[in-house]
Amino acid sequence: MRSVTGAELKSVLHFRMLIERMRQTFRAGVEAPPRHQHKVETYGQSDATLLLTPAWQVNHAIGVKIVTVFPDNRAKDLPAVQGAYLLMDGKTGIPQAILDANALTRRRTAAASALAASYLAQPDSSRLLVVGTGALAPELIEAHTTMLPIKHVLVWGRSLDKAKKVASRFHRPKFRIEATDDLEGAVRGAHLISCATPATEPLIRGDWLQPGAHLDLVGGVTPEMREADDDTIRRSRVFVDTRDGACTEAGDIVQPLKAGILTEDDIAGDLYDLTRGQRAGRRFYDQITLFKSVGTALEDLCAAQLAVEMVVHNDTIR
């Protein structure tokens, strides 16, 4: 069984290839049961959580992401979230590979955002703002600049130093990149805003968005978290990665639904609709669009299959 490290995974999962494979996978669909969640008692202060996320394509591939969350790890200078992805043959069940789940999740999450932007952002978008300075920020920059003609990237975070560190990771890019401490000004000037934060209070205000802007919300993955305010929802044509996930897990969707600001019928579509041509994305140039993702097992399976194919191909030609 092949083991694929995070570094290997990033080196073989080129975004343009991954995004196009993801487009095809959403069109075809996979079997993806609800995620399994279990409490695991520990001898520490906090209980741990075990998450199991399966998906399969009949007679082709089976995958399951196995993730643990141990909150007490922070006191030991260890990441709270650990995980692995197991890919198996869909005809025999034989394990084929085990992959770094954290790296896989980051890569497929950014790819899903860029896939959505290919339908929802203005095709000539040249100014990107990334809000957040975590591990996803560089991935989102790389993914969006792969799919759109971005010329200028701004990075904003609560810590300007951390924003500068994100910007400094890009050497000789085809775009200008710098950090900013002016969130409102950056939002007002951006064609595409991509947020990946743990915010529980909205950071993005609807009256800051210029006509034609596209907002990509990646954080806010629990009902209590929120990255954009109600006015943003009111002004936007709203899309999600999956309706079931977003309407139950994403604070930026769940809270407006509860408040009556948004109804499920107001959600214009999901990635299945967009990739299959069942719903139009951006309907006119000056329309404000919003995409909210929470992640789906389809994306994990798609990225894992492609990564293993590419690793095997590289091993063969060496």
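Heads up: numbering here begins at 1 and tracks the sequence.
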Salt-bridge contact R107-E142 (side-chain N to carboxylate O under 4.0 Å): yes

Separation of I261 CD1 from I253 CD1 (nearest 0.5 Å): 11.5 Å

State, without any angle test, whether S194 and D216 hold a side-chain donor-acceptor pair at a distance under 3.5 Å. yes

If you measure from OG on S126 to NE2 on H152, what distance do you get to the nearest 0.5 Å? 10.0 Å

Could you tell me whether a side-chain N or O of D72 sits under 3.5 Å from a main-chain N or O of S46, the two making a donor and an acceptor? yes

Salt-bridge criterion met for E8 and K10 (N-O under 4.0 Å): no

Would R23 and Y119 count as a side-chain hydrogen bond (donor to acceptor under 3.5 Å, both in side chains) here? Give the steps. CA-CA 11 Å; R23 194 189 312 273; Y119 295 98; 2.9 Å; yes

With no hydrogens and no angle check, just 3.5 Å: does a side-chain donor-acceptor pair link S159 and K164? no

In Å, rounded to the nearest 0.5 Å, how long is the span from OG1 of T289 to CZ of R235? 12.0 Å

Does atom CZ (R158) have a neighbourhood of more than 12 heavy atoms from anything else shown, all under 6.0 Å? no

Checking side-chain polar atoms at under 3.5 Å, does D229 have a donor or acceptor matched by the opposite partner on T232? yes

Between F239 and F291, is the ring centre distance below 6.0 Å? no

Quick one: CH2 on W208 to CG on L203, what's the gap to the nearest 0.5 Å? 8.0 Å

Quick one: closest heavy-atom pair of L154 and A186, and the distance? CD1-CB, 3.9 Å

Any carboxylate oxygen within less than 4.0 angstrom of a Lys/Arg side-chain nitrogen, looking at E20 and R16? no

With a 4.0 Å cut-off on N to O distance, would you call D89 and K91 a salt bridge? no

Salt bridge between D286 and R282, side-chain N to carboxylate O under 4.0 Å? no

When you compare the side chain of R2 with that of V311, does any pair of heavy atoms fall below 4.5 Å? yes

Indicate yes or no: does D231 engage R205 in a salt bridge with an N to O separation below 4.0 Å. no

Using a 6.0 Å cut-off, check whether atom CD of Q278 has over 12 heavy atoms from anything other than its own residue. yes

What I want to check is whether the side chains of T197 and E227 have a donor and an acceptor closer together than 3.5 Å. yes

Rounded to the nearest 0.5 Å, how far apart are CD1 of I288 and CZ of R237? 13.5 Å

Nearest-0.5 Å distance, CG of residue L13 to CZ of residue R21: 10.0 Å

Decide if atom CZ of R276 counts as having more than 12 heavy atoms of other residues, nucleotides or ligands within a radius under 6.0 Å. yes

